[in-house]
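Here is the structure we will look at, set down as structure tokens.
Both backbone and side-chain heavy atoms feed into the values below; hydrogens, waters and symmetry mates do not. So that the names make sense, note that chain A is the first sequence line, chain B the second, and so on, each numbered from 1. The structure presented is a predicted model; accordingly, all values stated were derived computationally and were not measured.
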Number of protein chains: 2
Amino acid sequence: MIETKTKILDTAERLIGERGYSATSLRHIISEAHVNLAAIHYHFGSKEDLLDELIVRKAAPVNAERLARLDRLESPTVEQVLEAFLLPMAEAADRDPQFVRLMGRMLSEGLIQGIVQKHFQPVSGRFFGALRLVLPSLSDEEFRWRAHFMAGAMAHTMCGQPLITGPGEPSGSFYSRIERLIVFLAGGFRMEEKK
Amino acid sequence: MIETKTKILDTAERLIGERGYSATSLRHIISEAHVNLAAIHYHFGSKEDLLDELIVRKAAPVNAERLARLDRLESPTVEQVLEAFLLPMAEAADRDPQFVRLMGRMLSEGLIQGIVQKHFQPVSGRFFGALRLVLPSLSDEEFRWRAHFMAGAMAHTMCGQPLITGPGEPSGSFYSRIERLIVFLAGGFRMEEKK
DNA sequence: GTCTATACTGAGATAGAC
DNA sequence: GTCTATCTCAGTATAGAC
């Protein structure tokens, strides 16, 4: 049955979103999906590959929308490039809260290295290029580092749980969170380089 | 023997720094430390508690230095508060490259939630307070989120491996990395709040 | 091609002898 | 304090039923 594969994907997505990747065993997934353990390995190969498919089916439309938005910009500002990258994700989060929860889990468990490199690389590469053009006065070295800081802030912002909790818990909608992030990042990027 | 405990700590620190926490099994640690498996549970209780002790013995002096530096500031700028927090870590990294590698591993594997909450909370709490005083024009909500973005950028900066790789690998000493980070963060914090 | 039953290996944890 | 033996649970691999 083709339904088996879907049942596994849906159940895995829910459980991993709720409990995290490491804390969700394959045996837990199969018991809730009412399928056999070996079916997971038949359809996906391994637990990691299952996760991979979960990410792909969620991220692909977001990434497509990102590129479409980027292509529409003519001579963009820093903010506009950041918006083209971040707003599609905020909108996806609005439509499907499960998605952002899953991504947050991945980030907070540090499982993204391989998966991100595989699926986000082409997209993030294009965005770094666009951002570079908008910031011609920065040295290559400085730009690389600022892009790195940005990646950290973005990744962290998607997690529900803050790494280092400040004075009270952050709140508000995902969308407003992203808008604040864009302002913050633009401020960082616009700083004059310290020599 | 008291030496057993030290041997375990040193070996665990080295192996986890090299391979990561999940990838380092207790059996691997004991074979290199030439101790018995049960000795780890006797001295530490669990693998997680062992990690906890590793962090504490490394982080305690850094945190003490952070607070000392903060206390020395009279009417600080944003940059000075950030320096008080970040430079002690940069100096520790200079003296002991193992330390920053271990912290990076923890962050990239998302193992910090519990440990950070336990040991960094008092320190980070004081710094958030100091930073708040320097930025009186921001709303509470906006400040919380910017602190959150900062935490993400800081955490990510300690990892050797970038989450989202940009155009080429970032390089340079840890110290210069931190200096760039401070400029970037100060720029973000100084932005006017969007209403 | 799809799925089931079952066995294998390695992990962290624990009880109890010494 | 230390060590042996054992437990439970994880992900994985395979043989074979349909």
Look at the rings of B:Phe184 and A:Phe184 and say which category their plane angle falls in: under 30° parallel, 30 to 60° tilted, over 60° perpendicular. perpendicular
Rounded off to whole Å, could you give me the CG-to-P distance for the B:Leu50 and C:dA13 pair? 10 Å
Mind calculating the distance between CG (A:Asn36) and C1' (C:dA7) to the nearest angstrom? 13 Å
Less than 3.5 Å between a donor and an acceptor, one on the side chain of B:Arg27 and one on the base of C:dG10, is that the case here? no
For A:Glu53 and A:Leu9, indicate whether the former's side chain and the latter's backbone hold a donor-acceptor pair under 3.5 Å. no
Is the ring centre of B:His156 less than 6.0 Å from the ring centre of A:His156? no
Does the side chain of A:Ser25 get closer than 4.0 angstrom to OP1 or OP2 of D:dA10 through an N or O atom? yes
Rounded to whole Å, how long is the line connecting atom CG of A:Leu26 with atom P of C:dT9? 19 Å
How close or far is atom P of D:dT8 from atom NE2 of A:His28, stated in whole angstroms? 20 Å
Distance in angstrom units between A:Leu51 CG and D:dT12 P, rounded: 12 Å
What's A:Thr24 touching, base or sugar-phosphate or nothing? Going by heavy atoms closer than 4.0 Å. sugar-phosphate
Remember a base hit wins even if backbone is also touched, and classify A:Leu37 as base, sugar-phosphate or nothing at under 4.0 Å, heavy atoms. base
Lys NZ or Arg CZ of B:Arg146 over B:Phe189 ring: under 6.0 Å, within 45°: no
Looking only at side-chain N and O atoms, does A:Thr4 come under 4.0 Å of OP1 or OP2 in C:dC3? yes
Calculate the interatomic distance between A:Ile8 atom CD1 and C:dC3 atom C1'; express it in whole Å. 10 Å
Rounded to whole Å, CD1 of A:Ile30 lies from P of D:dA10 at a distance of 10 Å
Measure from NE2 on A:His43 to P on C:dT2 and round the result to the nearest Å. 7 Å
Should A:Tyr42 be listed as having a side-chain N or O under 4.0 Å from OP1 or OP2 of C:dT2? yes
Can you check whether B:Thr77's main-chain N or O pairs, donor with acceptor, with B:Gln80's side chain at less than 3.5 Å? yes
Is there a side-chain polar atom (N or O) of B:His41 under 4.0 Å from OP1 or OP2 of C:dT14? no
How would you label the contact of B:Ala38 with the nucleic acid (heavy atoms, under 4.0 Å): base, sugar-phosphate, or nothing? base
Do side-chain atoms of A:Arg19 reach the backbone of A:Thr24 as a donor and acceptor pair under 3.5 angstrom? no
Within residues 14-21 of chain A, find the residues that approach DNA chain D with a heavy atom at under 4.0 Å, and present them sorted by residue number. none
Around atom CD of A:Glu18, are there more than 12 heavy atoms from other residues, nucleotides or ligands closer than 6.0 Å? yes
